[in-house]
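Protein chains get the first letters and strands the later ones, always in sequence-line order, with residue 1 at the start of each. Note that these values count all heavy atoms, side chains included, but never hydrogens, waters or copies made by symmetry. Owing to the predicted nature of the structure, the values given are computational and were not obtained by experimental measurement.
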Amino acid sequence: TQLLEQSPQFLSIQEGENLTVYCNSSSVFSSLQWYRQEPGEGPVLLVTVVTGGEVKKLKRLTFQFGDARKDSSLHITAAQTGDTGLYLCAGARADSNYQLIWGAGTKLIIKP
Amino acid sequence: SAVISQKPSRDICQRGTSLTIQCQVDSQVTMMFWYRQQPGQSLTLIATANQGSEATYESGFVIDKFPISRPNLTFSTLTVSNMSPEDSSIYLCSVGRGRGTDTQYFGPGTRLTVL
């Protein structure tokens, strides 16, 4: 069974601080997606990383895919209250063209 | 991307009844998925719905409890049958293009409460 371990599961920090969320696995993924979900809504795709070592930036969010395509991180610089939400990572299995393996989620609260 | 709508957005149901959730997409898609999610937690895949064939269910989910229809490439339904309080959850549909780097796009979810 492929597992995708996401940490931390809960994080509460002050506005302006930096944070990093990690997703790790012992298995290789063909791609990895990061989603953010707000209460009452479905997950919204933030980014897809495909190439080992790839780094993508989305304003204050930096996403990195590990060289071996087994892990990924999401770094938020100078967090804002609007960043509050549930962050989910999901890996696409290398042997499947559609099934995603989901991390447990990180509940992020940014305090003003 | 794709725009996905779900009906109903929420419902409160009595034990023993059934509820059918509809998922409509604004474009034709190959893969449609149904998930269950407890608030603030991760997603659990119930089944994959392919047009023209029977749905593929994940371990722990069976067709008698969660029958799925996929009559065309833009629409699917999930029925939660003979409901119990344990079925209270958020039900989400998503779509994917079936490619190697597959990204999924989600509907807003249906919040179900079973009394």
Asks: Which atoms of B:L43 come close to chain A, meaning under 4.5 Å heavy atom to heavy atom: side chain ones, backbone ones, both, or neither?
Replies: both

Asks: For A:Q37, is it the side chain, the backbone, both, or neither that has a heavy atom closer than 4.5 Å to a heavy atom of chain B?
Replies: side chain

Asks: Does the distance from a Lys or Arg side-chain N to an Asp or Glu carboxylate O, for B:D87 and B:K65, drop under 4.0 Å?
Replies: yes

Asks: Count the heavy-atom pairs under 4.5 Å between each of A:G105, A:G85, A:P43, A:A90 and chain B, then report the option with the highest count.
Replies: A:P43

Asks: Can a side-chain donor-acceptor contact be found between B:Q6 and B:T110 if the only test is distance below 3.5 angstrom?
Replies: yes

Asks: Which of parallel (below 30°), tilted (30 to 60°) and perpendicular (above 60°) describes B:F106 and A:Y35?
Replies: perpendicular

Asks: Pick from B:S9, B:P108, B:P39: which one has the most heavy-atom pairs with chain A under 4.5 Å?
Replies: B:P108

Asks: Assess, by modelled atom type and distance only, whether the side chains of B:T20 and B:T79 contain a donor and an acceptor separated by less than 3.5 Å.
Replies: yes

